[in-house]
There are 2 protein chains.
Amino acid sequence: MADPTRARRLRPQDRERQIVQGAIAFFAEVGLDGHTRELARRLGITQPLLYRYFPSKEDLIERIYQEVYLRRWKPEWEAVIADRGLPCIERFRRFESDYQRVIHDYAWLRIFVSAGMKGYDLPRRYLGMVRERVFAPLLAEMRREYALPAPDALPLGEGEFELLFGIHGALVYVGLRGLVYGLALPEDPVATRAALLDSALVGLRQAHCAVVRRALEAASPGGGPPLGSPETEQEETHAARRPSGPHP
Amino acid sequence: MADPTRARRLRPQDRERQIVQGAIAFFAEVGLDGHTRELARRLGITQPLLYRYFPSKEDLIERIYQEVYLRRWKPEWEAVIADRGLPCIERFRRFESDYQRVIHDYAWLRIFVSAGMKGYDLPRRYLGMVRERVFAPLLAEMRREYALPAPDALPLGEGEFELLFGIHGALVYVGLRGLVYGLALPEDPVATRAALLDSALVGLRQAHCAVVRRALEAASPGGGPPLGSPETEQEETHAARRPSGPHP
DNA sequence: GCTTTTGTTTATCACTTCTTCAATTAAGGC
DNA sequence: GCCTTAATTGAAGAAGTGATAAACAAAAGC
């Protein structure tokens with residue numbers, strides 16, 4: 001016994017977990033095109049055994065999605081956004097701090113990217129969730145906190161989402177550089193992201209007000225009093241000054 | 001004649017270009033694991049013909065690297081960083097404006113990501129180039145402009161690079177979301193990035209000074225006068241405001 | 001016209017892909 | 001101990017992989 005060439009007989013539940021965990025690590029490393037034979041080899045089992053537990057490779061991948069993405073989504077992320085005991089900036093900071101710690105993960109990032117490359121809609125759906133469940137409510141709260149029109153008066157604009165996605169992207173990029181592009185990771189990624197977040201959040205309120213103000217002016221030119229209590233914002237002058245980009 | 005099932009006979013030079021361009025589009029779409037047979041089919045030629053022009057799939061991919069990445073690198077990017085006629089913030093803005101326009105490209109981004117996933121060192125080398133040829137000189141210039149110690153007195157720190165990579169990443173992420181993750185692209189990505197850049201650049205000087213100050217304190221605790229002339233900071237940043245277009 | 005040159009294809013090799021199914025072997029209940 | 005149950009494997013199928021070599025066919029030179 002203890003035939004090293006033969007897999008130990010496991011309870012299905014254990015074997016399944018072993019396969020799922022192994023598959024996560026494997027597909028993260030080689031991408032979702034990874035071959036089931038190689039996966040089986042790494043698990044120390046034969047390839048047909050995989051098909052005993054998952055009817056097809058695609059089913060196994062679907063299971064990975066649930067394990068890595070859906071199961072790791074925390075409802076508290078949505079809760080902290082709604083917490084009016086905190087300024088919006090602070091809510092955003094807390095969300096990103098924890099969210100980024102969750103996704104700063106070899107498997108999370110690489111399978112996400114691989115799925116994107118293969119045209120699977122996981123990344124689209126997942127980021128749609130971030131947008132709708134976190135960013136949209138947060139922008140509504142920011143509108144409120146900054147005395148800007150509510151979303152039902154002036155719908156949330158692309159530019160507002162881009163502000164949040166911009167900060168978000170800067171943080172994600174820390175992990176991408178290390179875990180996808182193969183550069184050296186910062187010594188302390190958490191601290192690196194915290195510093196980035198700090199310096200990005202400083203200008204967020206002002207930028208948000210400026211974006212909304214522009215949207216308002218576009219909607220009804222020349223009307224209304226200044227918004228977002230500009231007199232308390234010292235840097236207001238330049239963000240709004242530049243007449244947008246190369247064009248519309 | 002005009003047998004639609006048979007490839008028109010081309011001059012080798014033309015055929016090669018056709019193959020390279022087709023391969024770029026093809027591998028961008030399906031990733032570098034794409035199959036040579038499918039590539040040939042899309043080109044309307046037979047698969048062995050590919051091997052007449054490129055000894056192996058890997059050689060073809062190497063050629064793609066040169067075409068998509070090395071050939072599109074602009075020496076002027078390094079030049080603008082050195083241009084002391086402009087404030088550093090403005091140099092950075094111009095670099096990123098143009099650089100991002102170049103890499104905001106289906107093939108550029110997707111092949112880059114695919115290469116990263118497959119563990120090829122193109123992304124590592126390429127971003128190393130950005131770091132050494134653009135970010136390092138820029139940080140040195142920023143040190144000078146902000147009256148901070150020169151890099152030979154205090155070596156450039158990880159945290160300083162992270163500031164630039166943070167802004168860089170926020171801009172790259174605009175393209176990633178659309179071209180890799182499959183979300184809708186912003187209506188005007190150039191304008192979106194310009195707005196992001198504006199709001200990110202506002203705090204850059206201050207953040208840079210803070211990072212360097214911390215590094216200094218870590219090196220020799222308790223010493224020296226405050227740095228970065230904080231009292232003159234605010235006005236100076238945008239004094240030389242963006243004169244016209246993305247570059248000379 | 002014919003021959004030479006060379007761009008292109010047909011046919012094929014050795015190997016790998018995902019998947020299936022009957023045979024094998026280990027564990028649990030009696 | 002034996003018997004039942006089910007976890008695991010061996011063997012194989014149909015299709016697809018990168019790569020090769022010889023055959024074909026369209027231009028170019030004379």
Side-chain angles (χ1 to χ4, degrees), chain A residues 1-24 26-27 29-65 111 114-115 117-120, chain B residues 1-24 26-27 29-65 111 114-115 117-120:
Chain A
M1 12 239 81
D3 182 354
T5 165
R6 206 178 168 79
R8 236 184 70 229
R9 184 189 174 100
L10 290 189
R11 281 160 43 210
Q13 172 186 349
D14 295 338
R15 179 67 74 198
E16 180 176 313
R17 263 188 36 195
Q18 181 215 18
I19 290 177
V20 170
Q21 294 308 312
I24 289 173
F26 173 69
F27 286 122
E29 182 178 334
V30 306
L32 292 173
D33 304 293
H35 303 154
T36 56
R37 271 191 160 75
E38 171 69 5
L39 166 58
R41 204 187 55 71
R42 294 205 194 185
L43 288 168
I45 63 178
T46 57
Q47 186 229 19
L49 189 53
L50 293 175
Y51 285 83
R52 179 92 181 168
Y53 289 86
F54 297 92
S56 74
K57 183 179 171 181
E58 200 181 348
D59 286 86
L60 176 54
I61 290 176
E62 198 61 45
R63 171 63 180 279
I64 288 177
Y65 287 168
I111 293 176
S114 181
M117 284 297 300
K118 295 202 69 177
Y120 296 158
Chain B
M1 16 242 76
D3 182 353
T5 166
R6 207 179 166 80
R8 241 184 66 228
R9 183 187 174 105
L10 290 188
R11 282 158 42 211
Q13 173 187 350
D14 295 337
R15 179 67 74 198
E16 179 175 315
R17 262 188 36 194
Q18 181 215 17
I19 290 177
V20 170
Q21 294 308 313
I24 290 173
F26 173 70
F27 287 122
E29 182 178 334
V30 306
L32 292 173
D33 304 293
H35 303 155
T36 57
R37 274 189 159 79
E38 171 70 5
L39 167 59
R41 202 186 55 73
R42 294 204 192 185
L43 288 168
I45 65 177
T46 56
Q47 183 234 18
L49 188 53
L50 292 175
Y51 285 83
R52 179 90 182 171
Y53 289 85
F54 297 92
S56 74
K57 184 179 169 181
E58 200 182 349
D59 285 85
L60 176 53
I61 290 176
E62 199 61 45
R63 172 65 181 280
I64 289 178
Y65 287 168
I111 293 176
S114 180
M117 283 298 300
K118 294 201 68 175
Y120 297 157

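The analysis underlying the following values was restricted to heavy atoms, covering all of them including side chains, and did not include hydrogens, waters or symmetry mates. Chain letters run A, B, ... following the sequence lines, proteins first, then strands; residues in each count from 1.
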Interatomic distance where CD belongs to B:E38 and P belongs to D:dG18 [whole Å]: 11 Å

What is the distance, to the nearest angstrom, from the CG atom on B:D33 to the P atom on C:dT17? 12 Å

Salt bridge (Lys or Arg N to Asp or Glu O under 4.0 Å) partners of A:D33, counting only residues at least two apart: A:K118

Summary of salt bridge (Lys or Arg N to Asp or Glu O under 4.0 Å) pairs that have at least one residue in residues 11-24 of chain B, sequence neighbours excluded: B:R11-B:D14, B:E16-B:R63

Strictly by salt bridge (Lys or Arg N to Asp or Glu O under 4.0 Å), give each pair with a member in residues 39-51 of chain B just once, sequence neighbours left out. B:E29-B:R42, B:E38-B:R41, B:E38-B:R42

Considering residues at least two apart in sequence or located in another chain, which fulfil the side chain to side chain contact (heavy atoms under 4.5 Å, CB included) criterion with A:T36? A:Q47, A:L50, A:Y51, A:K57

Is the shortest heavy-atom distance from the side chain of B:L39 to the side chain of B:F27 under 4.5 Å? yes

Which atoms of nucleotides 28-30 of chain C (N or O only) lie under 3.5 Å from a protein N or O atom, and what are those distances?
none

Quick one, which residues of residues 9-24 of chain B touch DNA chain C with a heavy atom under 4.0 Å? B:R9, B:L10, B:P12, B:R15

To the nearest 0.5 angstrom, please state how far the CG atom of B:D59 sits from the CD atom of B:E62. 8.0 Å

For nucleotides 11-16 of chain D, give me every protein contact, N/O to N/O, under 3.5 Å, one pair per line with atom names.
{"unit_1": "D:dA12", "atom_1": "N6", "unit_2": "A:R37", "atom_2": "NH2", "d": "3.4"}

Just to be sure I understand the geometry, which residues of residues 49-58 of chain A put a non-hydrogen atom under 4.0 Å away from DNA chain D? A:L49, A:R52, A:Y53

Hey, is the side chain of A:T36 poking within less than 4.0 Å of OP1 or OP2 on C:dC18, counting only N and O atoms? yes

